[in-house]
Every structure is written in structure tokens, then in C-alpha cells.
Amino acid sequence: MTKIETINNPFVMNHPTSWCPGCGNFSILESINETLNDLGLTPQEVLMVSGIGQAAKLPHYIHAHGLNSLHGRALPVVMGAHAANHNLRIILTSGDGDTYGEGGNHFIHGIRRNMDIVHIVHDNQIYGLTKGQGSPTTAFGQKTRLQVDGMRPDPLNPVALAISMDCSFVARSFSGDPEHLKSMIKAAMAHKGYALIDVLQPCISFNEVNTFKWYKERVYKLDPSFDATDRVKAFEKALEFGDEGIPMGILYKNEKATFIERIAHIDEPLVYKKRTPDDVQKLLEQFD
Amino acid sequence: MTKIETINNPFVMNHPTSWCPGCGNFSILESINETLNDLGLTPQEVLMVSGIGQAAKLPHYIHAHGLNSLHGRALPVVMGAHAANHNLRIILTSGDGDTYGEGGNHFIHGIRRNMDIVHIVHDNQIYGLTKGQGSPTTAFGQKTRLQVDGMRPDPLNPVALAISMDCSFVARSFSGDPEHLKSMIKAAMAHKGYALIDVLQPCISFNEVNTFKWYKERVYKLDPSFDATDRVKAFEKALEFGDEGIPMGILYKNEKATFIERIAHIDEPLVYKKRTPDDVQKLLEQFD
Amino acid sequence: MKKTIMIAGAAGEGINTSELFLERMLKREGFFVLSYKNYMSRVRGGFNYATITLGTEMVNSCEDRADIIIALNQEALDKSPMMLKKEGFILASDQLKTDAVEAHKSILWIEQEPLKAVSSSKNAFSMCAIGVVLKKLGLEQEALKGMTLKKWSEEVNQTNLAAGTYGFSLLESQIKTEITHQKETILVNGNQAVALGAMASGLGFYSAYPMAPSTGIITYLAAHEREMGLIVEQAEDEIAAIMAAIGAASNGVRAMTGTSGGGFALMVEALGFAAVSEVPLVVCNVQRPGPATGLPTRTEQADLSFVVTASQGEFARIVLAPLTVEDAFYTTFRAFNLAEKYQVPVIILTDQLLADSTQTISKFKTSGLKIERYLMEEVQTHYKRYDFDQTFGGRKYPGLDDQTLVMTDSHVHDEYGNETEDEQMTIKLKHKFIRRIEGIKNELNAPIFYGSESYKTLLICWGSTFGALKDAVNALNDQGESVAMLAFSDVFPIKEDVLKVYLKENVNVINVEGNAFNQFGKILRMETGVTFTKSINKYDGRPFNASYIIEAYRK
Amino acid sequence: MKKTIMIAGAAGEGINTSELFLERMLKREGFFVLSYKNYMSRVRGGFNYATITLGTEMVNSCEDRADIIIALNQEALDKSPMMLKKEGFILASDQLKTDAVEAHKSILWIEQEPLKAVSSSKNAFSMCAIGVVLKKLGLEQEALKGMTLKKWSEEVNQTNLAAGTYGFSLLESQIKTEITHQKETILVNGNQAVALGAMASGLGFYSAYPMAPSTGIITYLAAHEREMGLIVEQAEDEIAAIMAAIGAASNGVRAMTGTSGGGFALMVEALGFAAVSEVPLVVCNVQRPGPATGLPTRTEQADLSFVVTASQGEFARIVLAPLTVEDAFYTTFRAFNLAEKYQVPVIILTDQLLADSTQTISKFKTSGLKIERYLMEEVQTHYKRYDFDQTFGGRKYPGLDDQTLVMTDSHVHDEYGNETEDEQMTIKLKHKFIRRIEGIKNELNAPIFYGSESYKTLLICWGSTFGALKDAVNALNDQGESVAMLAFSDVFPIKEDVLKVYLKENVNVINVEGNAFNQFGKILRMETGVTFTKSINKYDGRPFNASYIIEAYRK
Ligand SMILES: Cc1ncc(C[n+]2csc(CCOP(=O)(O)OP(=O)(O)O)c2C)c(N)n1
Ligand SMILES: Cc1ncc(C[n+]2csc(CCOP(=O)(O)OP(=O)(O)O)c2C)c(N)n1
Ligand code: SF4
Ligand code: SF4
Ligand SMILES: [Mg+2]
Ligand SMILES: [Mg+2]
């Protein structure tokens, strides 16, 4: 990223963030900004949606339409927004707690609908905004500000879960490798259907285990020969996490009809349809 | 099942049910009754918990402790009950809509805790009590009373999902094969940890596709040589559903520390611990 | 003339079909009807019944005793005498005849053998009974034509018709009732009226999770999704349902969700989100008795206090409780304009009584209705989505023009939607909400006054209690009392002086509500200071009827 | 004597540690302190401050202007003059010295060079400032010993202490304040007091989902889980949190959940479940400003109307709003006994002010407290879990004996817990709830009266507004007014005659609440018919203080 690109990028906002200096969130924000600009989109074509959390503040920091909703509820709000106007390019950007914790039910059922959106999860394996409780992805036994004796439940593996739900695009990236991250966002934007990118993101304030260094030492790029269309192989790969290495890249891809394509009668976005009270007259005849 | 067994079984209740004659629920009820009796348990040792739905009425039809909670919320209520008194044998019995729909978030996070309970899902692939809407397991394209043009989202595969969450015991059975079902319940009761049994159950009133015959023609028992400890193989097997056949049996098993075992300081059930107001005096010294 | 026909039996024995045929035939012959379903929360079995009350004028409320009962099984037969009017009679199969009941004079036994000879229908008895009823009411045989369903085969329809014709022949011909044919009427239930009102108002998106007694709304909308160009989505839970509606509404589409108490409870956080993000949202709560699972298929008016204050913090909202099936259409229509004008959540509060009441009413007039959107048309380079000076209107959504950017936010925010913790903005937001509430109070409909102008007693009701109370007021005044009623469809917010013009010295004020806690009475006391001298309540899960009110009044 | 010290800067600059050290040292020296955190919803940066108000008697409320401000950065320094009392002074690093501020007489510049020479601590400035403050307040150097944390290394503690000692040497010796040493006091905040009250009452299970400002409760409990033999569980969401608490409570363990507004909203359906299934449940809602996400780390009293009617249908509940940190302990203790006696949900309503206020108070006395369980000890072969005649007590849970079977149910049910749709049972259930409410009304605490016996004005408050109002009442009476106050900790249900004895002719009634909608005032009007002549409100996200109330009173 050079300064010149930033200056000419209409998505870049000069709004101070409330993130901690050095947080992985900055690089995710920049990667989104750049990718959107590279794709030649205008801010008016893009709707940034989030829940609540540190990650979820992102829509306030980017010059586009924004929808900062409730903790855990970004996916259903996206469903309505997408149904209303599928011409908008929707990027959902939120935290691991938001998406997999409070929002877990919407996550699994959101996948089933295959909306044509990009979902970027800032996975810092911790609750940041609430100051350091374990999240669904925090490792078993890891000590936190709340779990002083260590996490008791097993962690959730979001990419394995998504593959089990036959999510149409499942990728993993790392905020510490912006080039890779941008390539994933670009691929997700190009993908027709629900594209999940779980982005490993160090939280310098509350996660002392999963640091930049910890991730850096473990992530590796998937071999170009990796077949992302084989669901079982993808599942097997998705299980890799931790000291055995963390694969980055597109783990799984299965193109199928999108949410809007599954609704046979919808062509132009709902929001453009003209309606009048008289429209119901034809229905009233059936009540004779 | 012979009459004599029924008469001597303390779990059997002579309460009329509100299920439709011919419904698959009856055989699930009987299988539970018999298994509990076969295991030599008394009604006082057993707590039956459910959400809301046709399946969820089951605790009212069995002579044991009962807890008929809210739609979708049986798993968290079980968490509290189990934490309070882990001497009770808890069987959670509820519908597919209840468990995988409204209760989806509790389902994935419940698995992470590995409570030592048996969870029987009456999977009729439909919402019964509310008269025939599609459930999370209803097939894509299937027409229902609500989805008159067919289901639009992809169905959720509960056993694949559970395996992706590393659920410690994942089985499938069929209400039309009570012997198999009983063997699964018995194995689940013997298993230490969270044991999920997804039971295919024809709903004669609202599901015209997944009938007794439909299931009967497709289910087959897993080969005895099947290795249920291989997570990737289990996942692959779990994906089988429909015309290609539906495997029945224990798909996956991974013994690991249970919810209570993970709490190092808990030995006797919480409910038996004596407490007095003076207990906090030692803490007050820290506020000087 | 007012008569009530009851069809009683188990779920799955054809009560619904018989009711449908009968009410349709009666309506087509020019009668006004009002039918109501009284059913248990189960799919088969149990004891259920439908009542059809018919008259030559608009029927306001159902009766709890019938002139004719069609008893479909033994339990129904056993319970029938208690539910029968003095002069009424029961239709039952002769196979239910026992020594105990044989003596009962008011039973007309339908012989199964000859019936079977003319019809092989599994519903032969109920179809035959319909024939008897039609003859009894003095209709022509022609009317039996309504006894068909398109989705059934020609054969089934024929054998049903044969049973009906046989029944029609069983009685001597009866004296014909004089009825003026009602051309412009429709036969519609409360859930359908809400759905139709929403569509008339330009509904584009509806998301919901199934829950009795609100499921009828989504079922009706889904059946017409294609025809009307809607998206109707079954959500994974109620939280998703309301959030999706907010997502659609914030992007310019009129959107709604519907549910019943427990589902509404799950929507409470999102309700506050709609309020603070100023997204016009319409939520229909079809009340059933609580708490918790309560009585899933019964009726009660006990969610009012709850919906009036639901969600943390303070904001403007509107609560509308349609009085009748007809009102449900117009009120729902109005709800969307109000929501979009003030950018507030509007809650429509109906109940199982209204939802499951099918009524003959005037065909909805759409020519006078206008969809008003209160949008800001001009392009804005720095759009003040949350301008603190705007009490209503001025809304833009993404895509309304190709320049403006729109920020929708759930925090306390500045006028642009940026989150803020500033004291002054926090205060300004409150003041905006308070101004909105004042605006809304002045815009909402005043209560309907009905009854004796020289009333000594003023009965106050809200929502679906209207019909029964109206019949009770008529009856009481006929019996020499001097009573009047005030019916509120617009129940919140309430003007402090709303009752002032109606309160006179020596006038007793009685609140009539389908709950035990006098919820609306308390709200009126809170907002107006008026205290009630007496309350008439019903809280057994069953709807009010006129005779119950009259009795309670006299006590 | 009453002085306020303010520590201002960005999140992450050590405000919390300085506050902790200072309040602990002051407390140990025998001062009464009350500290409060005023912080933004972010992890680093922004503008935050803590105030510590100290006195030789119990400190009831914080002041909004300080005698001493420790300014940790430029922004803090710039804002300091506005927050300073007339005679106050500011401590700042000489590196912030500019021409503009140099002239300001009330700033004491701390020179960084000599300080760095004695201490390498990254907190050297704030530690040094603490030393200055202690000297200024006339304490002995000994007091500096409190400037250590066990979790820090010896080295860090030493270098901090060096900075403190250096600061102590900067001023001339000051006149010593006369203080009577308070032996039996503790220094505790509102969240801790709630947690301690719960544990004193025999809490066994606590489940919650993190949410400011309630997180302190679970954090404190989790830290003592092992020691106290509890199970403390972070749930996947608030619905799970409350359902788990119900699951534990229904199996005989005292259980609780805690949250803030948005989380409480998600618990609403379950609240009704606890009620109808008659499971004793305690829920603490630590209020923050709404609607929706609102102001996550600020304070408001705007959830009262909501929690009083939350959930569909009608049932008995209790709402308690502790007045002070001390009261939070005893009220929480009481909550569990009440919940178990009446088998109803009890909601404890605190707020960020109370949660984040650390106060010197008398050590909690546990000797007089008794855990009362109201259980039924006899074995029952057919246990009537829901005996309609039982207003309180009579509860059994699975495992209490080895014979009885217990059915817990969410529907309308018969006395055994079997679901029913019977009219009479439906009515009986309502009547039981109504009897309970009457019982509860008679058992709850009357409001606390304080002030002039010959009052012309009666100020009514609830919950945490108590402290500021008490100080305001004292000040007003000192200034020659005749005012008194009534403080409600037991806010719902309310007896109709609760105000009767306090209302006299020519007495003005003013409600004082931290909200804009006069929520408690409206509840009082609804329940008692009393209307207010004036209201004093605060709704900018910040707490009341005495001077604000006095000013509003005089307006
Ligand atoms: C209903 C509700 N519950 C809880 C919260 C409090 N809360 C805000 S953000 C958050 C978790 C943040 O974690 P994550 O989603 O991982 O985001 P991060 O801050 O780590 O980026 C929680 C629990 C809330 N705002 N709303
Ligand atoms: C919060 C809430 N939402 C909706 C309902 C209505 N409801 C009751 S049961 C049910 C679904 C039943 O389906 P399933 O769980 O599959 O059970 P089945 O009846 O098929 O056995 C629904 C939606 C409810 N009781 N509570
Ligand atoms: S708390 Fe963690 S995730 Fe949040 S901004 Fe700071 S470093 Fe980033
Ligand atoms: S509706 Fe279906 S699932 Fe329910 S009892 Fe009837 S057949 Fe069984
Ligand atoms: Mg996180
Ligand atoms: Mg089902």
C-alpha cells in the first residue's frame, strides 16, 4: 500500500478509530479499502454491515453505506438488506464472538441461504470490546481475564463448521499478511454466493497467546494443487490448527444457486418495484 | 416389547398422548421407556428435558422427573440442571426444529461443553406442532404447507455438523426400527459425554415425502467394521443421505473429559453443598 | 335474526372443512357470518369446535351457545347439551345413539345406512349435516354448490355433494329468511386482513418464524409471494425474523414481521434497534395467553403492558390494536405510513380471537388509500441521517440516489450516524424522541364512541373486545340501561386529556379487557389520572361474548 | 471535610491503577472514599477519568468538580480547568507545559527529568502524583506502602514506590486532617457487592454473557469459583445464560444471571418461563443508557418500565433497585429468599453508577442473615408441584428426597404440571399469581424517609439516585429549605397506599430520576394515583450529583 493509493481511494476515511495502536484490525480495514478500490467500485455500490464489538466498528471507518447493527445479529440484517436490494455489494465484517458466539444460529442458517455476500470474520480468538473473555475460538485451557483457570469448553473450528454446512466459499487468511488477505477478499468478491473468510487477527490487548508471532510461525499457504472442491478433503484440511500449522487460502468452494436465484420470481431488486394499494384488489376476489 | 414388560416398567405412564395415531414418536417413547427399565434405573434417577413441539411433549408421557421448557431452549436448561445435580441421568428429547432451528446456537455450543447427557432428536424433517412448515432438515425443493413452491435453503445435515464440532458421540437411528433405536439409546447412555442421536421419525400428518416407507427403503446399518473414531471418515459417512442410502448407527465417537470433569473443583453435585452467609467472610478480608 | 351453528369434534375429523363450506355458502346466499375456531394445541384428536354465527346484518361477536350443533363424535355429543340454546338442536350420527342420550328430544339422528348408500365420502356425516343446516335455514338446494374444493378430485367433490343433497332432503321445507343480497362483501379472517393491509401498504418483505396464532399471516403471504412480487422468508428464529425486516426496511422496502408473545419477547432487543436506528418497522403480535408457552391456540389481551414498554432505554413507538377484522386491514395499512413518517417501530396488537375469526365484511376499499413515504429526494453529499431537528420525514436509504451515503447505527450517534458519547447529543436524541411522541399523540385516532348519549356508565375497551362490547351495549340499552362505550384501536401513546370530554359527573367508568391485570385501565390511569370504578375481565383463554359482559355488568 | 481527586487521561494510561492505589491508601488511612469511573466504550485512547471523593464521614455521592486533578495527557490537561473547583489545582507533567497554559496558576508542573532519575517506572508520573496528593492531604509517608500489586514484580513495585516517594517530597508538609480510624470498613464496588450478596445467600450457579457494565459480577464470581465451590459459566448468549440459571434453580441450586439492558431484552421470554414454571430466579440488570447499543459504559435509570412488565402474559415478579453499594449486598441477599419464598423471578436493577462506584462502607454483617428455602420436606407420591392453593413455599426439586417426582412446565398446567387447556385451571393460575402479588406487596420494604420532618417538598427517588439526593437534601435544608426525600429500593410491586402517610396538604411532590420519561413517577401514578408537580431528570449518560439536583430544584 502506497500513500498515493490511499489518497485516491474514495473508500478511505480520515476518521480516527478507537482501536488499539498495533491491532490487527487496521490491516483488515486497509485490505478491504484497497480491494474495493482495485475492483473499481464506488462507495455508493457498497454496504458495510456489522454487529457489535471492536471489529464491528469497521463500518464507521470506511466511506460507504454502513449498517452497524446489534451484537450477533449482522447476518439476519444482511438477509433483509440483500433481499431489499441485491444490487448493493454487501460486506459483513464482524468479530469471532459476534459471529460464532451470540450469532451462531444465524451463522449456520445464513450459510444455508447462500446469499451473495462476503463475510469477513476478525477472528482474534477473544472478546475484545468487553475486555478479554474467551470467545468460541479460544483454545481449550487458555487463560483469560474471565477464565482464570483456563477455557473449559472445546474451541469451535469455524472453517470446519462452515464446510460441514456446505458453505459455498470458505477461506482463511491472516491480518499479518495483507497481500494474502487482499487476494482472499478479491476471490470472495468474485465468488457468486456466500463467501466466508475467517481472518486470524492478533489482539494485542487481551490475547497473549495468539500473537502476531504465534500466527506468523504457524500459518502456511495452501498448495496451489489443493482441490478446494472436495468437501471431505477440505474438511480434513480445515481441521488443521495450531502447532501442526494453519492452512491459509480457499479451503472449500461449491458454486450453487444464490439466495436471489432461488427465488424464481425476483429479478430486479425489491426496492425498485412500484406498489399501490390497488394491487390487492385481485386478491380480494378470492374472498367471495 | 411385550405387554408384561410394559406393566412392570415403572417409567410407563398411562397418560393419553396428543400425538397422531401412527406417528413415529410413539416408538421413540417406547424405546426410551424400555431402555431405561432395562438399565435398571428408577424414575427418580432420570430427568427428561425438552423444548416445545410435538416431540417435546414426551416428558409429559413418561414417569420420571420432567422439565418441559421453551422452544429451542432445552440445551441451556439442561446445562443448568446438569451443573446443579450431575447425579441425575438427563435425557433431552426434542424436535428437529427445536434443536437445529430455534435452538441452533445452543446446539453448537452445547457440544463444546461435552455434558454427560443423551440428546435424542425426533427428526421428522418438518415442524409438526405448528402444522407443517419446513424445518432445517427439510430437503431443498420439498413443498410444505408454507413453502408452497418448495424449500429454498439447503438442508442442514445434523450429524455432519455435530462431527465438525467434534461431538463426542454421534449416532443416527430410525423410529421404524425400535431394536436399533434401543441399541443406540443404550450405547448413548453408556457413553460418558454428550451423546447425540438423530432419529428419523415419519410425521404422517405433514411430511408426505419422508414417510415410513421412504426411510425404510433407504436406511442401512453401518458395517460393524466401520471405524467411528476416524473423524474425517465419519464426516464422509455422515454426508450420505437420501437416495444414496442413509447410514444408521454410531457414526462418530471421541471420548474426552466431560463438562463436570473439566471443572476441577466439582466433585459432589452442587445441590448437596451446604452454604451459609458466613461463607463470604473470608472474601471480605480482601476488600480492606 | 342471529343464529349460531357449531361444529364440534376432534382435530382431523373435518371441522375446518365443514366450517369453510358452511360459512362460504351462507355468505354467498347473502348472510353475514362470523366464525371462530376454538381448538386445542394438537394436530389430531382432542376436543375442538368452530362456531358460525349468522345474521342479516353485520355480526359483531360470536355467541357461546348454539342453535344447531353438528356433533362429530361421542365427546362432542356428550358436551353438546351444555352448549346448546334452549330451542336449539343437535345433529349426530345414529351410531352414537345410546339409551342414555336417546331420550334427548333435541337430537336429530342421522342414519348412517341410507347415508352410506348415497355417499362414500369419509366426511359423509358432516356434509349431510351441512345439507340439513341449509334446509333448516331456509336456503335453496342451489346453495350446496359451495361444497367443493378445487384441490380435491371431482369424485370426492361429487360424493360430498351427494351427502349434502341427502341431508338437504331430510327435513321438510322451511320458511325462507328474507335477506338482502350483500354484493360488495368478502369473507376474511383477522390474519388475512393484516396481510392484505400490509400488501395494500406496499409490503415488499416479510420474515417470520412459525408460531400460533400468528402463522396464518405468513402462510397467506407466502401463498401470494410470487403473484405480489414479495419476498417471504421463514427465519431460523424470531430474532432473525425481526432483524431481517429491519435490514429490508433500512434499505427502502416496506417490511414487517409477525409473531405471538414468546416470539415477540425474543424480538425485544431488535425493537430498540429499529427505534434508535430510526428504521420504519411494523411488527404484528397476535396475542395468545401467556406466560411462556401458555395456551398456544387460545386468546387473551395480556401483552399490552409488555409491548408498550418493551426494550431497554427510552424511545418513541406506536401500538395499534385493531378492533375488528375490517379494522385490521385499514389499521395495518395505516401502520406502515406512520412507521415511515415518524421512523419508529409500530406494533400491531391483535389476538387469536381476531386471527381466527372469519367475518363477512365490506370489501376493502383501496381507492382512498395512499402510500406516503416521507422521503428526502435531494442528493446529499453529507447526509444527516439522524438530523436532531427532524421530527418526521427526511429519510433516505442506500440507492435512493446514486450519491448519498447512508449510515444506520445502533448506538447513541451524531446526526451523521457516527457513534458518539457526547452528553449534548445524548440529550438531543431524547428530545427528538419526545417531540416525536407528541407528534404521534396528535396524529393517532381518537377512540370510537358508541351507545347512549345520556350514558350513566362508560365502558372502555381496546382491540378485539370491541365486537362483544358493542353487542352488549346494544343489549343493555335495549334493556333500559344508559350505557356507552369507548373503543381504542390506537392504544399507545395516549394523550393526557383523551378521556376528558367523555367524563361527566356521576358517570361510572368501567374497563373491559381480556386480561386479569387491567392493563389498559392501568395505562389510562398512568397517562390520564382516571381511575376505574369497576373492571370486567376475562382470562380463561376464551373470548368475550356479549352475554358474559352483560352478566358481569349486572353483578 | 470532602475532597475530590480526579485522574484523567486515555484508556491504557494507568487511570485504573492510580485510582486503585489512591483509594486503597486513603481508605487504609481512615478516610471514607467513593470513587467512580467515567470511561468510554473503547480499550485504548479516548478521554476517561476516575474521581475519588473522600471525607471523614461516609461519602454518599461523587462530585463533578475536583480539588485535585491528575492530568495524564494533553487532552486531560486542556479539559482540567473546566472540571476544577475554585480552589483546586492540577498536577501535570512539565512536558505538557506550553505558553498557553503556563500562566495558569493552579497547575503544579512535575518535572520529568529529576523524576526519571529516581524512577524508571512507565507510570512514574501518576505514581509521583499520588505521592503529591498524599502529602497534600496531610498523610504520613507510611501510606505509600499501599502502592504495590501482588501480581507485579518486586522491581516494578519498587520503582513505582520511588516515584511516589519523590512526589511526597515535592510539597511542604501539610496540616494533618483529624480522622477517626474506621476499623470495620471495606472498600467495594456495586458489582462486587451484588456478587457477595448472592454468595452470602448461597449462590451455587451463575451464568452470564459478557456485557458492560455488568461484566464485573461474573469476573468477580469466576475469580472465586473454586474457593467458593460455585459453577460460573460463560454462556454462548444471554438466552442460554438465563435458561441455564433456570435449569440450575429448578434443580435446587440458588442460581442467578446478570446482564445489561440489551442482554436483558434477550432474556425476556425466559423470564416468563421462570414465572410460570415457578422457578426461583434472580436476574441482575445493570442498567446502561439505551436504546439498543446506546452508551455501553455510561449510566442511566431507564430500564424500569421495561423490566416491570417484560414478557408476555401476566405473572408475579419482584423488582429491587439497591440504593447504595452497601444496600446492593443486603438487597441481593434478600432477593434470593424472596425468589424462593414466592417462587417468582426477582430482578435486581442496578446501573453503571453503582457498578463502577467503589465505596468505603461498613463491613457486611452476615451473622444476622438467614438463608430461607421454604421447601417441602415430606415425601410425596403424587407431588402437586403447582398446587393452586399455595401462595408461597411448598417447593420440591428432583433429588430432595428419593421418592418424589417433579414436573416443571412452561404451559398453563394443572397442579401436577401436566399441560392443560382447561378454563378453570387457567383462571386458578391467574388467581394464584394475584395472591402472590398481594403477599409480596405486604412483604417488601417501605421506602426510606430522610430529611426535614416539616417538609414542604417531598423528593422521590429510587435506586442509585439515593446518594446524590441525600446530599442534596442535606444541603437544601442547610440552606433553609424544608425538604425531605423518599427512597425506594423495593420498586415493584407497589402498594396503592404507599405514599398516603407522606402526602400532606401543600406538599409538593417531585420525582428525581436518571431518565427522561419519569418512569418511576409514572408507575407511582399508575399504582397510587399520585401526580407529580415537578420532575428532576438527568439523561445525558452521566450520574446525578447533589449540585445538579439543587440547581434543578431551584429552577
Ligand atoms: C446482546 C449483547 N450482549 C453482549 C454485548 C456486549 N458485547 C459487545 S461486543 C462483545 C464481544 C466482542 O467480541 P468479538 O465479537 O469477538 O469482537 P472483538 O471485540 O473481539 O473484535 C460483547 C459480548 C452486547 N453489546 N449485546
Ligand atoms: C419462541 C417460540 N417460537 C415459536 C414457537 C412455536 N412452535 C412451537 S413448536 C414449533 C416447531 C416444532 O417443530 P419441531 O421442533 O420439529 O417439533 P415437532 O412438532 O416436529 O415434533 C414451533 C415453531 C414457540 N412455541 N416458541
Ligand atoms: S482490544 Fe484487541 S481487538 Fe480490540 S482494538 Fe485492541 S487490540 Fe484490537
Ligand atoms: S403432527 Fe406429525 S410429528 Fe406430530 S404427532 Fe402428528 S404425525 Fe407425529
Ligand atoms: Mg474477537
Ligand atoms: Mg419436527
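Chain letters run A, B, ... following the sequence lines, proteins first and then strands; every chain starts at 1. FYI, side chains are in, hydrogens and waters are out, and symmetry mates aren't considered; it's all heavy atoms of this structure.
- In this structure, the portions of B/Pro59 lying under 4.5 Å from any heavy atom of chain D include both its backbone and its side chain.
- Partners of D/Ala193 according to the side chain to side chain contact (heavy atoms under 4.5 Å, CB included) rule, which considers only residues two or more places apart in sequence or in another chain, are D/Val325, D/Ala328, D/Phe329, D/Phe364.
- Here the side chains of B/Pro277 and D/Ile371 are in contact, with some heavy-atom distance below 4.5 Å.
- Crowding of D/Lys145 atom NZ: a count of heavy atoms from other residues, nucleotides or ligands under 6.0 Å not exceeding 12.
- For the options D/Ile186, D/Ile231, D/Leu369, heavy-atom pairs under 4.5 Å to chain B are most numerous at D/Ile231.
- Interface remark: of the candidates B/Asp279, B/Asn85, B/Leu284, B/Leu284 forms the most heavy-atom pairs closer than 4.5 Å to chain D.
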Test side chain to side chain contact (heavy atoms under 4.5 Å, CB included) applied to B/Phe287 and D/Thr360, step by step = CA-CA 9 Å; B/Phe287 289 97; D/Thr360 314; over 6 Å; no
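- Using a 4.5 Å cut-off on side-chain heavy atoms (C-beta onward), B/Leu47 and D/Asn251 make contact.
- Interface remark: B/His63 contributes backbone and side-chain atoms alike to the contact with chain D (heavy atom separation under 4.5 Å).
- Here the side chain of B/Arg275 pairs a donor or acceptor atom with the backbone of D/Met228 at under 3.5 angstrom.
- For the set D/Ile246, D/Val253, D/Ile242, the count of heavy-atom pairs under 4.5 angstrom toward chain B peaks at D/Val253.
- Looking at B/Ile52, only its side chain comes within 4.5 Å of chain D, counting heavy atoms on both sides.
- Judged by distance alone, with hydrogens and angles left aside, the side-chain atoms of D/Thr408 form no donor-acceptor pair with the main-chain N or O of B/Leu67 at under 3.5 Å.
- Listed options B/Met79, B/His109, B/His106, B/His82 were ranked by heavy-atom pairs under 4.5 angstrom with chain D; first place goes to B/His106.
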Does the side chain to side chain donor-acceptor pair (under 3.5 Å) test come out yes or no for B/Asn68 and D/Ser410, once each step is laid out?
-> CA-CA 6 Å; B/Asn68 185 181; D/Ser410 72; 4.8 Å; no
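- For B/Lys256, the side chain to side chain contact (heavy atoms under 4.5 Å, CB included) partners two or more places apart in sequence, or in a different chain, are A/Asp154, B/Asn114, B/Asp166, B/Ser168, B/Asn254, B/Arg262.
- Residues B/Arg113 and D/Glu236 meet the side-chain proximity criterion, which asks for heavy atoms closer than 4.5 Å.
- The shortest side-chain heavy-atom distance between B/His265 and D/Glu227 does not fall under the 4.5 Å cut-off.
- Using a 4.5 Å cut-off between heavy atoms, D/Phe336 makes no contact with chain B at all.
- Between B/Gln281 and D/Lys363 there is a side-chain heavy-atom pair separated by less than 4.5 Å.
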Quick one: do B/Asn105 and D/Ile239 satisfy side chain to side chain contact (heavy atoms under 4.5 Å, CB included)? Show the steps, please.
-> CA-CA 10 Å; B/Asn105 204 33; D/Ile239 304 175; over 6 Å; no
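- Here the side chain of B/Arg73 pairs no donor or acceptor atom with the backbone of D/Met243 at under 3.5 angstrom.
- Of all residues in residues 196-205 of chain D, those placing a non-hydrogen atom less than 4.5 angstrom from a non-hydrogen atom of chain B are D/Leu196, D/Met199, D/Ala200, D/Gly202, D/Leu203, D/Gly204, D/Phe205.
- Here the straight-line distance linking atom CG of D/Leu230 with atom CD1 of B/Ile266 works out to 8.0 Å at 0.5 Å rounding.
- Considering every non-hydrogen atom in both D/Asp402 and B/Gln44, the closest pair reads O-CG, 3.2 Å.
- Between D/Tyr397 and B/Tyr272, a ring centre-to-centre spacing not shorter than 6.0 Å is recorded.
- Residue pairs meeting the ring pair (Phe, Tyr, Trp, His ring centres under 6.0 Å) criterion with at least one member in residues 28-59 of chain B: none, sequence neighbours excluded.
- No hydrogens or angles considered: a donor-acceptor pair under 3.5 Å links the side chains of D/Asp409 and B/His60.
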